[in-house]
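What follows is one structure encoded as structure tokens, with my remarks underneath.
Note that ligands are numbered from 1 as they come in the structure, with each ligand's atoms numbered from 1 the same way. Quick note: numbers below take in every heavy atom, side chains included, and nothing from hydrogens, waters or symmetry partners.
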Amino acid sequence: MKGQDEALLVIDLQNDFMPGGALAVARGDEVVPVANRLARAFEHVIVTQDWHPRDHISFAASHAGKSPFERIALPYGEQVLWPVHCVQGTAGAALHEALDIPHARLVIRKGYRRTIDSYSAFVEADRKTPTGLAGYLRESGVKRVWCCGLATDYCVAWTALDARAAGFEAVVVEDACRAIDLEGSLERAWRDMDAAGIARARAEDALR
Ligand code: VGL
Ligand code: ZN
């Protein structure tokens with residue numbers, strides 16, 4: 001069992017990221033049982049949900065003439081445009097029904113401001129608006145965060161990178177993640193995570 005100074009972040013295991021969902025991640029559903037197993041080894045588990053208003057700026061549908069997976073320039077930088085996904089309160093935004101982590105302490109929602117996306121569970125896409133997670137973890141005495149979920153190259157990577165930037169040790173549980181992999185994004189994400197000193201583990205490493 002992991003102690004008080006370790007927390008598991010279970011990232012965006014929501015219906016819209018599952019096969020058949022609005023922004024499906026290939027084999028994303030395979031992560032759910034692994035996350036359930038991992039979570040049993042942690043006293044401290046935090047779950048995240050991507051949680052957008054219906055007219056969110058990251059949706060292609062919010063920009064006339066734009067299609068999903070195009071990129072646009074926003075005041076805070078480049079934004080990939082996504083299909084409408086994880087709209088607040090919808091079935092697509094709900095956690096996968098097989099996710100079984102009754103002892104999760106905190107559910108942190110992100111991307112709820114219309115004009116700012118947030119892949120990271122720590123800092124929004126403007127790179128300055130904090131979600132409050134770093135303060136929560138610090139006050140809880142957490143030193144190391146283990147990350148799993150969807151998608152490796154977006155929300156998992158940005159969360160792990162921001163965890164490091166906030167001074168936490170970070171580990172990504174590779175076999176408890178799946179990627180979107182848009183135009184080399186997965187390779188880039190691993191390169192950035194390696195450079196930032198983020199460790200990679202397998203679920204079995206966390207469980208022993
Ligand atoms: C995500 C794209 C858009 C993710 C969320 O959870 O990785 N990706 N919104
Ligand atoms: Zn999103």
Verify salt bridge (charged side-chain N to carboxylate O under 4.0 Å, His left out) between D192 and R164, making sure each step is shown before the conclusion. CA-CA 11 Å; D192 292 346; R164 278 299 286 155; over 6 Å; no
Steps toward ring-ring contact (aromatic ring centres under 6.0 Å, His included) verdict (W146, F168): CA-CA 10 Å; W146 298 68; F168 301 99; over 10 Å; no
Run through R114, H85, Q88 and flag the one making a side-chain hydrogen bond (donor to acceptor under 3.5 Å, both in side chains) with H52. H85
Q14 and D50: side-chain donor and acceptor closer than 3.5 Å? no
Pairs satisfying salt bridge (charged side-chain N to carboxylate O under 4.0 Å, His left out), at least one member in residues 2-19, at least two apart: E6-R144, D12-K110
Which pairs count as salt bridge (charged side-chain N to carboxylate O under 4.0 Å, His left out) when at least one residue sits in residues 75-86, sequence neighbours excluded? R71-E78
For ligand 1, would you mind listing the residues that have at least one heavy atom less than 4.0 Å away, ordered by chain and number? D12, F17, L23, D50, W82, H85, Y119, L150, A151, Y154, C155, I180
Reported CD1-to-CD distance for the pair I72 and Q79, which is rounded to 0.5 angstrom: 6.5 Å
Side chain of D162, backbone of T159: donor and acceptor closer than 3.5 Å? no
Under 2.8 Å from the Zn ion (ligand 2), which protein atoms of type N, O or S occur, listed by chain and number? D50 OD2, H52 NE2, H85 NE2
Distance-only, no hydrogens or angles: does the S140 side chain make a donor-acceptor pair with backbone N or O of V142 under 3.5 Å? no
